[in-house]
J.: 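This structure is in C-alpha cells; I'll ask about it shortly.
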Amino acid sequence: MEMKETKRTPPNGLSHFVDIHEVPEEEEEEEEDKDERKRNKPTKAADHKEKRMSNKPMKLHEVKRQNQNFGRQVSLETGFSVLNGDKKGRKTALPRSGNSFGGFGSADRREAETRKGDFNMFRTKSSLVKQNSLLPFRKESGIDSHYNDASCGLDDSINKSVPAGRYFAALTGPELDQVKDSEDILLPKDKKWPFLLRFPIGCFGICLGLSSQAILWRALASSPATRFLHIPPLINLSIWLLALSVLVAVSITYTLKCAFYLEAVKREYFHPVRVNFFFAPSVVCMFLAIGVPPCIAPGNLHPAVWCVFMAPIVFLDLKVYGQWLSGGKRRLCKVANPSSHLSVVGNFVGAILAAKVGWMEAGKFLWAIGFAHYLVVFVTLYQRLPTSEALPKELHPVYSMFIATPAAASIAWGAIYGEFDGLARTCFFIALFLYCSLIVRINFFRGFQFSVAWWSYTFPMTTASIATIKYAEQVPCVISKGLALSLSLMSSTMVSVLLVSTLLHAFWWQTLFPNDLAIAITKRRQGGKEKKPIKKAYDIRRWTKQSPLSLVSGIRKQNSADKDGDEVEN
C-alpha cells in the first residue's frame, strides 16, 4: 500500500505535512476489502471540502492546528492498524462501530459472554490452582500464568459480598431463590450447572423436619397424656435412624460443596434468608440428641455432647447478633425476615439439651439470650419502618417460623424448671394463636411451585405439637388431649407428604435442584445505573438538609394553602 503526500510551503519557508490518504494497490485487493472501504469511504462533500482547502492558501496558525490534529490521528490510526494487521503485514482500516472504540468494546462483550459459561468463578481458589497445576502444557506455553492472573482477578471482583438489600431487590420466590426478569446473572440460565453448585444450604430444612418428628413420636410414646394411644417405641427408632441417615447424606454433600465451591458458599452466607440456615446443622444434631431412642442411650447424655453441638451456634450468635447490634448494612431492620427466627430457635433448643444433660444454669443463660432476641425479631417483623426493604410477597413458607420460636421457648422453660408454669403457658398460647392465624389464611400458602422451601412448614408445626403435648400433661382434659392429637396428626401428615414429594422430585422427575440463580446475581444492577430511592415526606435526611429559613417558609406556604382550601370548601 502506498501513501501519497501533499506538501505545502508556507510563507516562512517551513514544510509541513497537511494530508495523507490511502491509494488503492490492485483491483483484487479492492474486491477483498470492499466492505472495509465502504465503511471508510469519505463522502462527496468531504472530498469537495478537502480539495477546496488544498487550493486555499493557509496561514501559519491553521497549519499548526492541523499538524496537532494530524499527529493525534496518525498515532491512533497507525497503532490500531498494526494491532489489527495480519501476519502478512497487510494493514486493515480502523473499524468504526459507534458502540466500541477500536473494537475493544466488542471484545469485552465477547469476554463477558464467555465468562458466563465458566463455573470456575465460584470454585475454591486452592482447588482451581491445583487443577491448573495438573496441566503441564499450560506452564510450558506460558498460558498458565496469564490464565491464573485473569481468573483470580475476575474472581476477586465477582465474589465480593453482595449487599443485603441487593438480594431483596434482585430476587423473589419462597426463599428469595428466583431472579427477577430485569436482572442479569453471572452464569448461564439455559445450561445445567454442576450438582454441588445447585445444592443449597436450605436442604438442612429436610433434616429439621425429620429430626423434630423423632422427638414428637418419642413424646407420643412416653407422655402420660397420650398413653392411651399405645404407640410403640419402634416408630421413634425408625424415624430417628431415617433422620440420621438424611443428615449424614446432606452434611457430606454440603461439605463437598464447601471444598470445591467455597465462593458459592460465601454468597449463601451473605444471603439474608440462607444465612439463618447455617444454624440448622447444629440444631438438627441437638434434635437427634434430645429424641434419641431409649434403646440407644438409656441414661443421661454426657455434657460434652452439648458442648460440641452448641459451639457453632454460639459462634454464629456472636456474628449475626453483632451485625444486628452494630447498625451496619446488615442491621436487623434491613435483613429481618421470617427465617430470622431460626437463628433464635437454636438458643431454646440448646437450653432443652442443657437441661437434659443436667446443666440448668447454662440452659437458663441460653433461654435468656434467645428470648431477648426473639422479642426484637418479633417486633421488627410486625412493625417494619417505612424506609425498610419490603418483604417479598412470595416469601410464604417461612412465615410458619413465627410458630416455632415461642413453642420452643415454652418447651425449654418447662424442661429447665420441671413444670409447665405460667411463663411457659404464655409462650405456648402465643404460638397457638399464631398457628391459628396462619391456618385461616390457606390462600397465603398457595400459588407457588414445590421446592425445598416447603420443608419450612414441618419444623414449626412439629414444635407446636410437642408444646401442646407438654401442655396436655400439665392440664389433662379432653380439649388439651384432642388438640395435641390433632396437631400431631397434621404435622406427621405434612412430613409424610413432603417426604414423598421430595423423593419423586429428586429421583423420578429430577427437578428438586434447579440452577441456584440466587447466588449468581451481580453486585450492582446491570444495564444502567440503579434507581435512586424516591424521596418521601417522612424522609428524615431530607428534612435535616433543609435550612431553618426554608423549613419555616415551607411550613407557612403549606398553612396558607390549607387556609385557602378551607375557604373554598366553606
J.: Between Val305 and Val357, is the side-chain contact (heavy atoms from CB on, under 4.5 Å) condition met? List the steps.
T.: CA-CA 9 Å; Val305 176; Val357 300; 5.6 Å; no

J.: Decide yes or no on side-chain contact (heavy atoms from CB on, under 4.5 Å) for Cys207 and Trp455, but give the supporting numbers first.
T.: CA-CA 9 Å; Cys207 306; Trp455 281 91; over 6 Å; no

J.: Identify the two heavy atoms, one from Val495 and one from Gly209, that lie closest to each other, and give their separation to 0.1 Å.
T.: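 Heavy atoms only, the tightest pair is CG2-O, 4.4 Å.
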
J.: Above 12 or not: heavy atoms from other molecules or residues under 6.0 Å from NZ of Lys257?
T.: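 Correct, the count exceeds 12.
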
J.: For atom CZ of Phe195, is the number of surrounding heavy atoms from other residues, nucleotides or ligands below 6.0 Å larger than 12?
T.: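 Count over threshold, so yes.
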
J.: Does CZ belonging to Phe365 count more than 12 external heavy atoms closer than 6.0 Å?
T.: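 Counting other residues, nucleotides and ligands, CZ of Phe365 stays at 12 neighbours or fewer.
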
J.: Check each of Phe279, Phe278, Tyr374 against Ser343 using the side chain to side chain contact (heavy atoms under 4.5 Å, CB included) test, and report the only one that passes.
T.: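 Filter result, single survivor: Phe279.
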
J.: May I ask you to decide whether Glu263 forms a salt bridge with Lys266, counting only side-chain N to carboxylate O separations under 4.0 Å?
T.: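 So Glu263 pairs with Lys266 through a salt bridge.
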
J.: Can you tell me how far apart CG (Leu366) and CD1 (Ile416) are? Round to the nearest 0.5 Å.
T.: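 So the CG of Leu366 and the CD1 of Ile416 are separated by 8.0 Å.
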
J.: Rounded to the nearest 0.5 Å, what's the gap from OG on Ser488 to CD1 on Ile469? Could you check?
T.: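 Output value for this atom pair is 4.0 Å.
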
J.: Which heavy atom of Ala520 sits nearest a heavy atom of Phe122, and at what distance?
T.: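 Residues Ala520 and Phe122, closest heavy atoms: CA-CZ, 4.1 Å.
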
J.: Test side-chain contact (heavy atoms from CB on, under 4.5 Å) on Phe287 and Val349 and set out the steps.
T.: CA-CA 8 Å; Phe287 273 159; Val349 178; 3.8 Å; yes

J.: Out of curiosity, Ile352 CD1 to Asn347 CG, how far, rounded to the nearest 0.5 Å?
T.: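 Rounded to the nearest 0.5 Å, the CD1-CG separation comes out at 11.5 Å.
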
J.: May I ask you to check whether Thr502 and Trp454 show a side-chain donor-acceptor distance below 3.5 Å?
T.: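 No, Trp454 and Thr502 have no side-chain donor paired with an acceptor closer than 3.5 Å.
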
J.: Just how far is it from atom CG of Leu434 to atom OG of Ser400, taken to the nearest 0.5 Å?
T.: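 That separation rounds to 11.0 Å.
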
J.: Let me know which of His373, Arg330, Arg331 forms a side chain to side chain contact (heavy atoms under 4.5 Å, CB included) with Trp324.
T.: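 It is His373, the one option of His373, Arg330, Arg331 that forms the side chain to side chain contact (heavy atoms under 4.5 Å, CB included) with Trp324.
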
J.: Please round to the nearest 0.5 Å and tell me the distance separating atom CG of Leu187 and atom CD1 of Ile521.
T.: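 Taking CG in Leu187 and CD1 in Ile521, the distance rounds to 12.0 Å.
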
J.: State whether the number of non-hydrogen atoms from other residues, nucleotides or ligands found under 6.0 Å of Lys319 atom NZ is greater than 12.
T.: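 Result for NZ/Lys319: open.
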
J.: Against Asp516, only a single residue in Arg274, Arg267, Arg198, Lys189 fulfils salt bridge (Lys or Arg N to Asp or Glu O under 4.0 Å); can you say which?
T.: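 Answer after filtering Arg274, Arg267, Arg198, Lys189: Arg274.
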
J.: Can you tell which of Trp367, Phe428, Phe371 makes a ring pair (Phe, Tyr, Trp, His ring centres under 6.0 Å) with Trp413?
T.: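 When ring pair (Phe, Tyr, Trp, His ring centres under 6.0 Å) is applied between Trp413 and each of Trp367, Phe428, Phe371, only Trp367 qualifies.
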
J.: Taking atom types as modelled, is there a side-chain donor on Glu268 or Tyr254 under 3.5 Å from an acceptor on the other?
T.: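 Their side chains do contain a donor-acceptor pair, which is all the 3.5 Å distance test asks for.
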
J.: Rounded to the nearest 0.5 Å, how far does CG of Leu186 lie from CG of Leu517?
T.: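 Answer for the CG-CG pair, Leu517 versus Leu186, is 11.0 Å.
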
